[in-house]
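In what follows, a single structure is set out as structure tokens and then discussed.
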Amino acid sequence: MTQLPHSTERKLGLVIDLDTCVGCHACVISCKGWNTENYGAPLSDQDAYGGNPSGTFLNRVHSYEVQPQNGHAQLVHFPKSCLHCEDAPCVTVCPTGASYKRVEDGIVLVNESDCIGCGLCAWSCPYGARELDVAEGVMKKCTLCVDRIYNENLTEVDRVPSCVRTCPAGARHFGDLGDPDSDVSKLVAERGGIDLMPEQGTKPVNKYLPPRPKDTIEDQIDVLAPLLAPIAEEPKGFMGWLDKALEKL
Amino acid sequence: MHPAPSVIVFTTLSGLGFGLLFFLGLGLPNVTGWVAFTFFVIGFGLSVAGLLASTFHLGRPERAIKAFTQWRSSWLSREGWCAVAALILMGLYSIGAIFFAQRWGLLGFVGALFSILTVFTTSMIYTQLKSIPRWNMNLTPAMFLSFSLAGGALLAGQTALALISLLIAALVQILYWRQGDQALARSGTNIGTATGLGDRGSVRAFEPPHTGTNYLLREFVHVVGRKHAEKLRIIAFSLGFFIPVVLLIMPVNSVATKHFLAAVAVLSHLAGVATSRWLFFAQAEHVVGIYYGKR
């Protein structure tokens with residue numbers, strides 16, 4: 001049913017630390033790797049080795065430059081996937097009931113056998129989280145690795161979304177954002193986590209932690225700096241002669 | 001938005017077809033026999049051709065029947081129901097007019113209601129999308145409805161009604177363009193809110209996630225076609241409203257000439273509405289383009 005649930009028991013989602021992300025795209029590759037061979041249809045590529053490659057991805061990393069009024073510009077790497085919104089517009093527009101939000105954990109999923117590939121859910125998503133797979137003709141989106149997080153065949157450490165498990169910088173966190181005492185909720189409170197496009201009224205579950213302010217570079221790096229200044233004196237004696245002799249060669 | 005031919009054909013033809021069915025249902029003109037047959041063939045032909053065209057953009061058209069299930073929440077599903085109801089009601093009504101030379105007034109009235117409701121539900125599919133500010137306006141359903149009524153009146157040969165509704169549609173079109181041009185700015189969505197970095201300085205898309213293109217860029221970012229938007233607006237307005245109005249008020253004595261001019265007016269209006277519909281898609285900015293530094 002494509003009506004949204006009034007509330008969900010949990011709000012599973014991601015917290016993405018823009019301060020820590022180094023823009024390596026490992027989460028993109030690991031997401032594609034896991035999701036192309038597990039839940040639902042594969043994530044196809046078109047013309048993968050030709051001149052115009054394109055393909056379906058559930059997670060993509062953008063990079064933005066922020067130029068403050070004063071000071072240096074800052075580069076921010078920005079991973080983006082489905083935000084599992086509380087007021088997900090993609091769910092209510094679906095004519096077939098293929099798109100739904102789970103009551104038990106708030107994950108937004110697509111039942112691919114009901115999807116007619118009309119694309120309206122992708123039109124309604126302001127974040128570009130949904131992509132229609134060209135080969136399969138059905139809508140693909142982040143499942144929050146629903147086939148990992150409850151999978152008892154995996155060791156406990158692996159029961160997190162593939163992108164979170166892979167991130168070498170520890171920039172991605174997974175948990176219940178509906179529980180104020182969860183680690184992710186505490187992290188969001190501590191770092192001032194933000195919503196993307198709050199004016200769109202989608203109430204995203206995923207939160208982004210803004211980059212910490214850059215250190216300011218002053219003329220004098222340290223009070224001890226003058227004492228640590230390198231001493232480069234002209235060599236004397238034999239070393240002086242050697243220096244000059246080698247210079248002439 | 002990518003101006004896909006299937007949706008442009010669909011909204012243009014079915015809008016015109018259901019507009020004609022609306023007037024036929026109200027008994028304007030009150031026709032029977034072969035004349036009624038011709039009118040209904042045109043009305044059903046246009047609306048059904050439009051509906052068929054709309055299935056061409058589906059990834060899985062064989063499952064299209066499932067789209068009838070979610071009428072409680074989905075405008076697309078409601079549109080499906082209204083279209084089927086309108087076609088069945090008007091089909092029954094046309095039997096009376098064609099074979100029994102009778103006008104079943106109540107049936108026609110309800111059929112007319114569902115015909116215009118179908119156009120309204122089509123417009124709401126676009127209007128509901130907050131992610132596309134240029135569509136997310138009250139003027140969007142006003143435009144779809146006024147275009148459908150103007151085209152319908154023109155096809156139904158209701159000269160006086162056609163003149164009034166063409167003038168209203170022309171006015172709505174101008175207002176829609178004026179308000180639409182400011183819609184994205186007024187929505188408050190920009191690269192600052194999209195990235196959440198706006199309060200730290202000016203944000204610029206530095207590197208896209210990939211060197212090639214993707215579904216999102218193909219579907220939602222259409223920059224090339226907007227280059228000639230101003231010229232196309234003039235063409236759309238002239239063909240859609242100006243020429244038909246001039247042809248309608250032209251004083252002609254012979255019936256044959258009058259019919260000929262009416263036919264030209266209909267074709268001109270159709271071409272104008274199709275151009276306007278092309279602009280409706282091509283000029284609509286989806287906010288996801290902001291993430292790519294594009295509109």
Side-chain angles (χ1 to χ4, degrees), chain A residues 1-3 18 25 28 52-57 60-69 73-76 78 80 89 91-98 114-120 122-128 131-134 136-139 194-201 208 210-211, chain B residues 1 57-64 66-80 125-126 128-132 187-189 191 193-197 199-220 286-293:
Chain A
M1 188 49 67
T2 57
Q3 281 166 310
L18 297 177
H25 292 239
V28 178
N52 294 301
S54 86
T56 310
F57 285 80
R60 296 182 187 263
V61 180
H62 297 250
S63 296
Y64 297 100
E65 183 196 68
V66 186
Q67 177 65 62
Q69 285 260 291
Q74 190 176 1
L75 191 65
V76 180
F78 193 93
K80 184 161 62 62
V91 170
T92 49
V93 298
C94 177
T96 68
D114 276 352
C115 177
I116 57 172
C118 68
L120 194 56
W123 287 22
S124 75
C125 173
Y127 308 105
E131 299 189 17
L132 189 79
D133 189 81
V134 176
E136 203 67 26
V138 295
M139 198 52 73
I194 50 158
D195 288 347
L196 304 186
M197 293 186 183
E199 71 284 353
Q200 287 274 335
Y208 282 75
Chain B
M1 298 295 291
H57 81 279
L58 298 182
R60 290 283 189 159
E62 73 276 14
R63 298 176 189 153
K66 291 190 175 183
F68 288 101
T69 59
Q70 304 301 316
W71 50 272
R72 282 190 213 82
S73 54
S74 167
W75 281 105
L76 184 51
S77 191
R78 289 172 195 161
E79 182 204 35
I125 294 171
Y126 304 107
Q128 67 179 337
L129 301 171
K130 278 190 86 171
S131 50
I132 305 166
S187 73
T189 300
I191 197 163
T193 67
T195 58
L197 301 168
D199 52 354
R200 311 170 147 254
S202 65
V203 185
R204 179 169 76 95
F206 185 77
E207 255 183 329
H210 38 78
T211 51
T213 184
N214 66 12
Y215 167 75
L216 302 170
L217 291 170
R218 284 192 299 269
E219 188 80 358
F220 302 127
H286 193 295
V287 294
V288 75
I290 292 170
Y291 283 108
Y292 289 85

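A, B, ... follow the sequence lines: proteins, then strands. Residue 1 opens every chain.
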Atom [atom1] in [X], atom [atom2] in [Y]: separation rounded to 0.5 Å?
{"X": "B/Gln128", "Y": "A/Leu120", "atom1": "CD", "atom2": "CG", "answer": "5.5 Å"}
{"X": "B/Leu197", "Y": "A/Leu196", "atom1": "CG", "atom2": "CG", "answer": "9.0 Å"}
{"X": "A/Leu75", "Y": "B/Arg204", "atom1": "CG", "atom2": "CZ", "answer": "9.5 Å"}
{"X": "A/Leu132", "Y": "B/Leu216", "atom1": "CG", "atom2": "CG", "answer": "10.5 Å"}
{"X": "B/Gln70", "Y": "A/Asp114", "atom1": "CD", "atom2": "CG", "answer": "8.5 Å"}

Ignoring hydrogens and geometry, is there a side-chain-to-backbone donor-acceptor pair from [X] to [Y] under 3.5 Å?
{"X": "B/Arg60", "Y": "A/Cys115", "answer": "no"}
{"X": "B/Arg200", "Y": "A/Pro211", "answer": "yes"}
{"X": "B/Ser131", "Y": "A/Trp123", "answer": "yes"}
{"X": "A/Ser124", "Y": "B/Leu129", "answer": "no"}

[X] versus chain B, heavy atoms under 4.5 Å apart: side chain, backbone, both or neither?
{"X": "A/Tyr127", "result": "both"}
{"X": "A/Gln74", "result": "side chain"}
{"X": "A/Val61", "result": "backbone"}
{"X": "A/Pro210", "result": "both"}
{"X": "A/Ile194", "result": "side chain"}
{"X": "A/Val76", "result": "side chain"}

Which atom names give the shortest non-hydrogen contact between [X] and [Y], and what distance separates them?
{"X": "A/Ser54", "Y": "B/Thr213", "result": "CB-O, 3.3 Å"}
{"X": "A/Gly201", "Y": "B/Lys130", "result": "N-NZ, 4.4 Å"}
{"X": "B/Thr195", "Y": "A/Leu18", "result": "O-CD1, 4.4 Å"}
{"X": "B/Leu76", "Y": "A/Cys118", "result": "CD2-SG, 3.8 Å"}

- [ ] Please work out whether the ring planes of A/His62 and B/Tyr291 are parallel, tilted or perpendicular, with thresholds of 30° and 60°.
- [x] tilted
Task: Full working for side chain to side chain contact (heavy atoms under 4.5 Å, CB included) between B/His210 and A/Arg60 - done: CA-CA 8 Å; B/His210 38 78; A/Arg60 296 182 187 263; 2.6 Å; yes
- [ ] Check whether B/Glu219 gets within reach of chain A through its side chain, its backbone, both or neither, counting any heavy atom under 4.5 Å.
- [x]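 Only the side chain of B/Glu219 comes within 4.5 Å of chain A.
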Task: Test log, rule side chain to side chain donor-acceptor pair (under 3.5 Å), inputs A/Glu199 and B/Thr189 - done: CA-CA 7 Å; A/Glu199 71 284 353; B/Thr189 300; 2.6 Å; yes
